[in-house]
Structures are given as C-alpha cells and as structure tokens.
Amino acid sequence: QPQLVESGGGSVQPGGSLRLSCAASGFTLAYGTIGWLRQAPGKELEGVSCMSSSDDYAYYTDSVKGRFTLTRDNAKNTVYLQMNSLKPEDTAVYYCAAMERAYDSACVYLSREADYWGQGTQVTVSS
C-alpha cells in the first residue's frame with residue numbers, strides 16, 4: 001500500500017527554522033509530482049511548494065519564496081521542506097501530497113489530483 005509519512009513539525013519562535021520530511025513507500029517520488037500544502041485554522045488549503053519530475057523545478061507560493069526550500073533525495077525516496085525565517089502566519093497543519101504522474105503545470109492541480117496524502121504535521125510559530 002503506497003503511503004507518505006511526514007515528520008519534523010513542532011513549535012518554534014518567529015525567525016526560527018524547521019525541516020519537514022516526507023518519506024514515500026510503495027511508489028517512486030522521482031517519477032511523479034510531490035509537494036507540500038498547508039491549512040491554517042479557518043482558512044482553505046494552500047499550496048506551499050511543489051516539484052514535478054517533468055521539469056524538476058521547485059515552485060513556491062509567493063509568501064514563502066526566499067524562506068522555504070524544497071529538496072528531493074531520490075536515494076531515500078524522501079522530500080524535505082526546509083523552512084527558515086518562520087513567521088506566525090506560517091502556523092498551519094502541513095500536508096505532503098504526491099501524484100504518480102508528472103506533467104507541465106502538475107503542481108497547479110496537486111491538491112485536486114493527488115494520489116496520496118500524508119497524515120499532516122502541525123507547525124506553530126509563536127513567541
């Protein structure tokens with residue numbers, strides 16, 4: 001049974017850093033589309049960062065550009081989201097999601113077409 005297992009969430013003060021991990025089993029991340037989405041209390045699910053094997057380019061939502069970095073370790077079948085300079089508005093439950101397909105603009109449709117979802121990990125940024 002394919003699955004995604006997330007880790008690395010927690011509580012941090014503003015300006016701090018966290019690294020989220022998403023380990024895949026049962027399918028190969030290197031050949032598909034993988035990304036992170038988040039949902040803050042009372043808000044809709046928001047795409048944070050995504051990478052598709054169609055172009056291997058990491059996309060970021062504007063609010064995290066320059067602060068977050070998405071990387072993929074093919075040998076470990078794992079993706080990481082390094083989050084620096086965290087702000088209170090980054091507080092949310094973060095979900096890893098993946099599709100076994102890769103195509104141009106795949107990241108735009110990840111939230112609707114994901115084949116697999118992680119269980120979610122809480123990130124809280126507060127002083």
Quick check: is [Y] connected to [X] through a chain of hydrophobic side chains (ILVMFWY, heavy atoms under 4.5 Å apart)?
{"X": "Val48", "Y": "Tyr109", "answer": "no"}
{"X": "Leu81", "Y": "Val93", "answer": "no"}
{"X": "Leu20", "Y": "Val64", "answer": "yes"}
{"X": "Phe68", "Y": "Val12", "answer": "yes"}
{"X": "Leu18", "Y": "Leu37", "answer": "no"}

Considering all heavy atoms, the nearest [X]-[Y] contact:
{"X": "Ser53", "Y": "Ala102", "result": "OG-CB, 3.1 Å"}
{"X": "Ala97", "Y": "Leu110", "result": "O-CD2, 3.9 Å"}
{"X": "Gly47", "Y": "Thr61", "result": "O-CB, 3.4 Å"}
{"X": "Tyr116", "Y": "Leu4", "result": "O-CD1, 3.6 Å"}

What's the separation between atom [atom1] in [X] and atom [atom2] in [Y], rounded to the nearest 0.5 Å?
{"X": "Arg101", "Y": "Ser54", "atom1": "CZ", "atom2": "OG", "result": "12.5 Å"}
{"X": "Met99", "Y": "Glu113", "atom1": "CE", "atom2": "CD", "result": "5.5 Å"}
{"X": "Ser25", "Y": "Gln1", "atom1": "OG", "atom2": "CD", "result": "9.0 Å"}
{"X": "Tyr59", "Y": "Ser52", "atom1": "OH", "atom2": "OG", "result": "8.0 Å"}
{"X": "Cys96", "Y": "Ile34", "atom1": "SG", "atom2": "CD1", "result": "3.5 Å"}
{"X": "Leu45", "Y": "Tyr95", "atom1": "CG", "atom2": "OH", "result": "7.5 Å"}

**Item:** side-chain contact (heavy atoms from CB on, under 4.5 Å) evaluation trace for Thr28 with Asn77
**Value:** CA-CA 6 Å; Thr28 303; Asn77 210 26; 4.2 Å; yes
Do [X] and [Y] have side chains that get closer than 4.5 Å, going by heavy atoms?
{"X": "Ser63", "Y": "Glu46", "answer": "yes"}
{"X": "Glu6", "Y": "Gln119", "answer": "yes"}
{"X": "Met83", "Y": "Val123", "answer": "yes"}
{"X": "Thr33", "Y": "Cys50", "answer": "yes"}

**Request:** Give a yes or no answer on whether the side chain of Thr91 reaches the backbone of Val125 with a donor-acceptor pair at less than 3.5 Å.
**Result:** yes
**Message:** Under a 3.5 Å distance rule, please check whether Asn84 uses its side chain to pair with a backbone N or O of Ser17 as donor and acceptor.
**Reply:** no
**Request:** Apply side-chain contact (heavy atoms from CB on, under 4.5 Å) to the pair Arg72 and Met51, showing each step before the final yes or no.
**Result:** CA-CA 9 Å; Arg72 186 178 65 212; Met51 180 185 294; 3.6 Å; yes
**Request:** Give a yes or no on this: more than 12 heavy atoms of other residues, nucleotides or ligands lie within 6.0 Å of atom OH of Tyr31.
**Result:** no
**Asked** Are there more than 12 heavy atoms of other residues, nucleotides or ligands under 6.0 Å from atom CD of Glu89?
**Response** yes
Return yes if a side-chain donor-acceptor contact under 3.5 Å exists between [X] and [Y], otherwise no.
{"X": "Ser126", "Y": "Thr124", "result": "no"}
{"X": "Tyr94", "Y": "Gln122", "result": "no"}
{"X": "Thr78", "Y": "Asp73", "result": "no"}

**Message:** Before you tell me yes or no, could you show the steps for Val79 and Trp36 under side-chain contact (heavy atoms from CB on, under 4.5 Å), namely the whole-Å CA-CA distance, both residues' side-chain angles and the distance that decides it to 0.1 Å?
**Reply:** CA-CA 9 Å; Val79 292; Trp36 290 91; 4.1 Å; yes
**Message:** Could you walk me through whether Lys87 and Asp90 satisfy the salt bridge (Lys or Arg N to Asp or Glu O under 4.0 Å) test, starting with their C-alpha distance in whole Å, then the side-chain angles of each, then the deciding distance to 0.1 Å, before giving a yes or no?
**Reply:** CA-CA 5 Å; Lys87 304 175 180 181; Asp90 294 317; over 6 Å; no
